[in-house]
Structure formats: C-alpha cells, structure tokens
Amino acid sequence: MIVNQQNTEYFSMFEKSMSSYPLTPPSSLEDSPQSVLLVASPNSNTFEYETYEHSPMQIPHTFAVQPNIMIDPNSLIKTETRPSLRFIEQPTDRFRFRYKSEMAGTHGSLTGINSDKSRKPTYPTVELKNFSGRVIVRCSIYQSNADGKDFLPHAHRLIMKKGKEEHDDPHDIIIGPEDGYRAVFQGMGIIHTAKKNIVSELTRKKLQLRREFVARKEGELRELSTKEQVEIKGLAESESKSINLNIVCLRFDAFIKDNGILYPICDPIYSHGINNLKSALTGDLKIVRLDHVVSPAKGKKEVFILVERVTKKNIKIRFYELDDEDRVVWQDWGQFNDLDVHHQYAIVFKTPKYRDENITSPVRVFVELFRPSDGARSEPRDFRYIPNKPIFKAGQKRPRYDYGSSSYSSSNPGSEELPVPIDNLQLEQSPIFSEMSPLSVPSGLSEEIKRAMNNINSDEFRRIFDAHMDEYVSVCETTDAPKVAENMQLITRRKTEALLAQAEKSEGIKMEVTDQERRMAIKVVEELRSFYRTTHTPQLAIRILNHYFLEDKRTNALHIAICQRDNQSALLLLKIMVTYRQFELIKKSNNEQQTPLHLAVLCFNGPMVNSLLMCRARISALDSDLNTPLHLAINSNAPIEILEMLLIKRECENVKDFIDLENEQGNTALLLAIEKKKLAAIKLLCKEGADINKIHPKNGFVPLRFAIEKQHTDIVKFLLTLNSIDATIKDFQNVSPWAAAFSKDANEEITKAVQKFMADNSIPFEVKEEPEDDSEDEMEIDEEFEVKKELPHLTPDELETMYKKVDTLTPQCLDEVSDILDKSENWKCLAELLEIEHLIDSEIIKSDISMSKAVLTYSIETNRDSIWMIRNFLENLDEFKAVEIMDRMVQELQKC
DNA sequence: GAAATCTTCCC
DNA sequence: CGGGAAGATTT
C-alpha cells in the first residue's frame, strides 16, 4: 500500500493538534481488501482519491439519467474510528443551470434528490462521523466523472444567496455536536459559465486551490509565483476543452482550521452527477406524440414522433418487450438516419421487425428514446405489434385448400389456422357424431338436431333454434333444387325491397355483394339442402360449408347472407354450423378480417347480431383495423340496441375482455363514442365498466380531454359526474384535462363545469385567468371534500361486503338521495324494482314527506339487505350521483 | 447560407 | 419557477 508522503505528514499533524481524537494512521489501511489511496492530484492540487476495486455500478432499469458514480469511502474503509463524511441527502440529479444574465429574478435552488414539491424541500446534506468538536464542512462544484476518480473542479459556479449577496463556492459551513454533525447546504444555485469565460473561471478556482495547498504544505499563506500562475493557466486552458458543461457534481470536504489554514480530516466525498435540464445533451428525453402506435410484425412501418429536444447524432429509438416479471425479453431499434431527425424535435423512423414475424394476435411492447452518450431514456410509450396482413393468392378459381376443419375445435382461439386439405378433414371426437345415424326423412332430422342440441350447453341457443325450427325444416324439405334457388332469390329480392325502404333512413344496412358471391351462397344452401336429403353425414356438411369461399375476398356463404341481410339463409347456415359444433366457422373472417358479427353490426342487423352472439361469436374479434364489433357499432352509428346487445353479459366472453380494446388508431369504443358525440352510448359503456381514465397511446389524452377538446359540453358534464374520473391525468405534454378546459378557446360552459368539479374535489387551481374566489370559503370546501377524494377504488365484491355491514342510511344521505329521486321521479321505478308499488297508493302518499323518502325508508325498515339492492337499482336507473352519495356514506361509516 | 448550439431575454 | 423563444455565435 502506497501512501503519499504528504498524507502521512498531515495525519501526524492532526494527531498533534487533536490528540484527544486519535486518527487511524494510514498504515492501518494496508490490509484492507479495497484500498484507497490518498494522493495529491497534480492538476487540481487538492487531495484526490484513487480507488481500486469498488462495487460495480448499479444502473436501475427505470429512467436512469446518470449512473450514480459517487464512491462512498465509508464502504471501503474498515475502520470504525476514523472521521468520515457520508451523504444524508444527495443533491437532485436534474437541475437547470442558469446563465449569469438569467440570475436577476429569484430562481429555484438546488434541492435534495428526495425533495418533493408538495412537502418541505430537502437540501444536499452530509454528515461527519467519528469526530467531536467543531469542524468546517465545505461544498464545492466539481466535474462529474464516470470512473469515480481524478475529480477536477468545474468551470461553472456554485453560488449561494445570503440576503442580497451571492457568494461563489466554496461554501464553508461550521458544524458541531449541536447540529448532529450534519451540514445542510441550502439555497445554492448553479451558474452556467459562458464559453468565453471558462478558462478564466477555471483558472480562478485552480489558483485558489493551489494557494490552499501551498499553505498546508508550507504552513503559511503566500501569494503564488508567476511561474506557478502560468502553469495553472496552461492547465486550465487544456482542461477547458474537455470539460462537460452539462453535468457537474458536488464535492464535500471536512476541515479543521489551524492558524488560518484548512486541514482536511477525512476523505472528500462526491455526489452523483447533476444534469443540466436545459441542455439537449442531458435534458429529459420525452416522446410527446406518435402518429402510429401499431406496426405489423414484419416492421418497416413508418412512424412520426414528436420529441423534446434531441441531438440527431445522439439519439436512438428503442423498442422492447417485457415479460410478466418485467424482464426484457426482446429489444430492437427504430431505423432512421440524421436526415430523419427534424430540427431536434421530430423523428421519422421505421419500426424494427418483431422477434416473431408469425404472431397471431397483437403483442404489447414499449417504445422509448435512448441517448447513447449517457444511457438516459425517456418514459416508455405503449406500442403494439400485430400479425402481418395475410397474403392471398388471387386468380385461382378453386382453392386447393379449404379453411376450417377439426383443427378449429381443438386449437387456441384467435389464431388463424392453416389451411387443411379437404381430404384430410377429420371430425372432432364428439358424442354427437358417433350417435348419429343417417336419416333419409327430413322430419326426422329435426329430432336428431334436437338431440344434438342437448349436448350444447346453452339455453339461449336452444331458444333461438326452436324459434326458427319451422323455417329450417321447410328449407330442408324443399326437394327441388331449382326451386330452392328460385326461393333464395325470392327471399333475397323481398328482403332487398324491404331493406331498401329502411336504407333511406339509415346507412350501412346492406353491404354490396357481387353476383359471383351471391351465386356461391345460393349454391352452398342448395347443396346443404340436397345433402340432407341424401347422404347425410356431418363430414359432408362441414365439407360443403368449407368448400365454398371466394379466394380473393375470402367471403363464405355466411358472410354473404349477412351482407345481404338474408337472415333466413344465414340462420340455416348458423344452425348447421352449431349442430356440428363448428363454432370456429362462425368466427371466420373475410379478407378484411371481418367476422360475420362485424358484418351483422355494420348492417345494423339486430336479430342477426343476437343470433351470432348466441352462437358464441366473439366480440373481441378484430378486423384489419383492429376494430371490434363494438367499435363498428359506434362508428357506423348503429342503433343503441345493437350496442346494448353487444354488452349483454355472456358466459363465453367477459365484457372486460373487449370493452377497452384499442383499434389501430389507438381508440377505444368509448373514445369513438365521444368523438361521435353519442351520450347514450357513452353512458352505456361507462356503466358496463369502460375505463374512463384510459390514456390514448398517441398523445396521452384521457377521454375527458377529448370531450373537452371536441367541445362536447354535456359529455364533459356527464364524465365529471363519474366517481372514478381523474381529471388530473396529464397528457404527454404535461397538460391535464382541466388545464385544457381553461384554455382560451374552451367554451365557457365547459370551463365552468370543470371549475366546479375542481372546487368540489379540492383540486388546486394553477391557472392564471382564474377569477379569485373567497379564499376562506374555498378552504372550507376543501376540507369537506378532502374525505371525498379519498374514496378508494373498490371492487364490486368489496363494496358489497361494506354495504352488508350497514343497515340504515344516515339522515343526511337519505335527504340527499330522496332529493335526487324526487327531482328525477325515478322513485317510481325504484318502488317497482323493490316490488313495493302498492305503497304509492297507500296512505303514505298523503303525508307530506317526499315519496322518495317514503319508498326508501319503507324498504329499509322491512328488509335489512335492501340498501345494497337499492344502490344497484339506482345504478340501473342511471342515478349515478345518488349511488355516489350512498357509496360515500357507507365508506365513511366503515371508517368510524 | 443553413442548421445547430449557445446565450440572453421574457412571461 | 419552468417554459419558450429571440438573438448571437459557431459549425
């Protein structure tokens, strides 16, 4: 172990002057496995540490600006008794360096890394250990450096305001036992030294340090010789070329003063790097906006993104995927060159290809900006990879392969199966098929189908099937092939006529089909009919169903029947598919990836939508624009009944699994409803649990923000009545919905509604234009509503248990709820739902208490469980405000 | 001469 | 304060 001569000298000096605090002699370090060398740096002329072997740097996965390069000497030295400094609070790692010309006003000072805006700020703080007596702790500004050694003073200035005066570093604080040996450095700022002043500033600092060094060495202060000055100037000049102006660190020393000269009593410590927030080299990276958030798995999708200032040579776009445990399982880079970076604020790039080009359903990944120079990353944004568009060979009259087979019934849903040769078709092993015997008489067929039906565990289906059985049999009984065709055409024509009449009222009722398609559909139905007459086997049925589809458009008979609104034929097909349990055939999509359900929705064909849903058609099915039938229902202005049908709870599919799906544009059904200004649809979706705070992947807008942007006043108002609405979620540009509501071009009514909401929910105003209200009043309101904001998000189950513990309404709650019901007159409906309509006619009506109150109290008195029931009935009646009041009451009761 | 970067200025 | 941008300087 090598110890510099001078150090020994100093240590012995301390021992002399502070004999009561024996300092560990340097020799005791010799056996330390992690050695520390105390050496005089030739450049800075101060003591610097060289460290050998230190624990590897840890770079956290999340948003690393600058790795913490601080080496804490305490961790390296074994001694318990030697004085040492350690950090109580590191400085913040991001700070705006200001030029001297900017220092006129008062700007923020350097806070601690853990400083929180809402609380008292913290400041960089260090503590001296193993020492008693008074001591000087010094803070000065140094160049941050990655390898944690050879620290040099920085050309920037670390200033501290004392009253009016500004002091340059170093800043010395005298501390002692009364401070707990802690030095807090409050009110410091960093002045960005202009380029032209760097050399002079650096020289000034070096001269000062050299003077102190010389004084220590020689035991007295003296001016430096010209030779020394010239030497230092030279050093400053060469150093100024390599200095990084956008990152600094703080150095802390502990000294004792003897005869006007400072002697260090321990090793200095250095903070982690402090990055200049204003610089493109170290400032925050951010993706502000994306024009696409979806790419096919093969990549090469062109995407425009807007970003905060970047430097074109020092920026990358990283795509990555995390597994369930947040481990990175894939990453790749967006492709672009210098020319694709527009003025530091926009980048046009192409997506990389996904690790698996053959994915069959969308995959969620992330995009982020990455800055190679310091490893900094932006906040990640959501991005999705979707299956490549399938390539279909056109021009073949007859496909060699048919789609759909037994593989449908066994394999995972959502994946597009490979074509299977017709001859290899195998049937699933199902009791239906083994029990089936060939039948020659159509009337017997219904019996068989009925038997098969018993194996399908769905009452709903049986209902629909039975309802249409006659129709089914009649088609089957028609023996004459030409007659069937004729019949079909007749049906189609009649339908067409009827539909044309309706089509004038609303759009999208019927979709175009080609003659070829129509012919094909007719043929399928025809063959199915004749097949039933003769060689009745399930194999053949499936074969027929599979056999015909048009290669270029990939339409099958079911699609065509639905497009033509020929429900009769469509039902026949459906029934056969269900009878043979070919549920996957019902979900088969055409070349725009539209399933029969998509088509039925687009045609506003309510009965067909209903039938398809009963046959387990999936609402989470995505068309080529990633629209679900739900999206289409809203976008095509389908009648609300269709939307309602789609949201009916079913055993085979959970509403939650599709209600919040984003289409290719990143829109959820709720967002489309807002765009289309469909309040009824919005209410319905919200009631069914659509996520009202879901942020848009392109710009971070929440639904409320879209409503404000679109100036849809009643929608804004409605959204604000919802319990779980969060009006504070900021978009990618740090604008919250409420801030948008106060912008110049927002309409007055919206501004007022939002203002009221914010007052009610004690959200602080930060808008200048806000007219000043009576602040005292506001305080009262604030307190009142503080409890309100704390309403935790509960699952229905949790809510129910809470309700079950309560057997009466508080008088206040009763009043408020009654008031609401009196106004809306919904108490009548409530009474009906509670099955106490008789009350209405009874004598209570003559008393002067409100009917709502009467209904509520009666119900509660007669039935303990009724509060929970009432709540849910109210919810069904769209009395959200009343529900909210009740929820709050119940939750407050629990707290007591 | 245009773009990038630095510095000052302003709200 | 943080954000934006104009003006100045460098590349």
Please tabulate, one pair per line, each protein N/O and nucleotide N/O from nucleotides 1-3 of chain C that are separated by under 3.5 Å, including the distance.
{"residue": "C:dC1", "atom": "O5'", "partner": "A:Gly108", "partner atom": "N", "Å": "2.4"}
{"residue": "C:dG2", "atom": "N7", "partner": "A:Arg98", "partner atom": "NH2", "Å": "2.6"}
{"residue": "C:dG3", "atom": "N7", "partner": "A:Arg96", "partner atom": "NH1", "Å": "2.5"}
{"residue": "C:dG3", "atom": "O6", "partner": "A:Arg96", "partner atom": "NH2", "Å": "3.1"}

Between [N] atom [atom2] and [X] atom [atom1], what is the distance in whole Å?
| X | N | atom1 | atom2 | result |
| --- | --- | --- | --- | --- |
| A:Lys196 | C:dT9 | NZ | P | 8 Å |
| A:Phe97 | B:dT8 | CZ | C1' | 18 Å |
| A:Arg309 | B:dA3 | CZ | P | 16 Å |
| A:Ile198 | C:dT10 | CD1 | C1' | 14 Å |
| A:Asn197 | B:dT8 | CG | C1' | 14 Å |
| A:Lys100 | C:dA8 | NZ | C1' | 17 Å |
| A:Lys313 | C:dT11 | NZ | C1' | 12 Å |

* **Of all pairs that satisfy salt bridge (charged side-chain N to carboxylate O under 4.0 Å, His left out), the ones with a partner from residues 692-702 of chain A, not counting sequence neighbours** =>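 Pairs touching residues 692-702 of chain A that pass the test: A:Glu662-A:Lys694.
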* **Pair listing, salt bridge (charged side-chain N to carboxylate O under 4.0 Å, His left out) test, anchored in residues 285-294 of chain A, at least two apart** =>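 Residue pairs with at least one partner in residues 285-294 of chain A: there are none.
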* Using the ring-ring contact (aromatic ring centres under 6.0 Å, His included) rule, pick out the option among A:Phe87, A:Tyr123, A:Phe252 that qualifies with A:Phe185. =>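 The option that passes is A:Phe252.
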Please check the phosphate of [N] (OP1 and OP2 only) for any side-chain N or O of [X] closer than 4.0 Å.
| X | N | result |
| --- | --- | --- |
| A:Lys195 | C:dT10 | no |
| A:His192 | B:dT7 | yes |
| A:Gln344 | B:dA4 | no |

* **A:Ser240: side chain to side chain contact (heavy atoms under 4.5 Å, CB included) partners, not counting sequence neighbours** =>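 In terms of side chain to side chain contact (heavy atoms under 4.5 Å, CB included), with neighbours along the sequence ignored, A:Ser240 is linked to A:Ile198, A:Val199, A:Leu202.
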* Asked: Got a sec, which residues hit side chain to side chain contact (heavy atoms under 4.5 Å, CB included) with A:Ile174, two or more places apart in sequence or on another chain?
  ->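 With neighbours one apart ignored, the set is A:Arg134, A:Ile136.
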Taking distance alone, no hydrogens or angles, what donor-acceptor pairs closer than 3.5 Å link side-chain atoms of residues 304-315 of chain A to residues at least two apart or in another chain?
{"residue": "A:Arg309", "atom": "NH2", "partner": "A:Lys278", "partner atom": "O", "Å": "3.0"}
{"residue": "A:Lys313", "atom": "NZ", "partner": "A:Asp338", "partner atom": "OD2", "Å": "2.4"}
{"residue": "A:Asn314", "atom": "OD1", "partner": "A:Ser373", "partner atom": "N", "Å": "3.1"}
{"residue": "A:Asn314", "atom": "ND2", "partner": "A:Ser373", "partner atom": "OG", "Å": "2.8"}

* Asked: Would you call A:Lys205-A:Glu201 a salt bridge at under 4.0 Å N-O?
  ->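 Here A:Lys205 does not pair with A:Glu201 in a salt bridge, since their nearest N and O are not under 4.0 Å apart.
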* To do: For A:Thr311, report the nucleic acid contact type (base, sugar-phosphate, nothing); a contact means any heavy atom under 4.0 Å.
  =>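 Counting heavy atoms under 4.0 Å across all strands, the contact made by A:Thr311 is with sugar-phosphate only.
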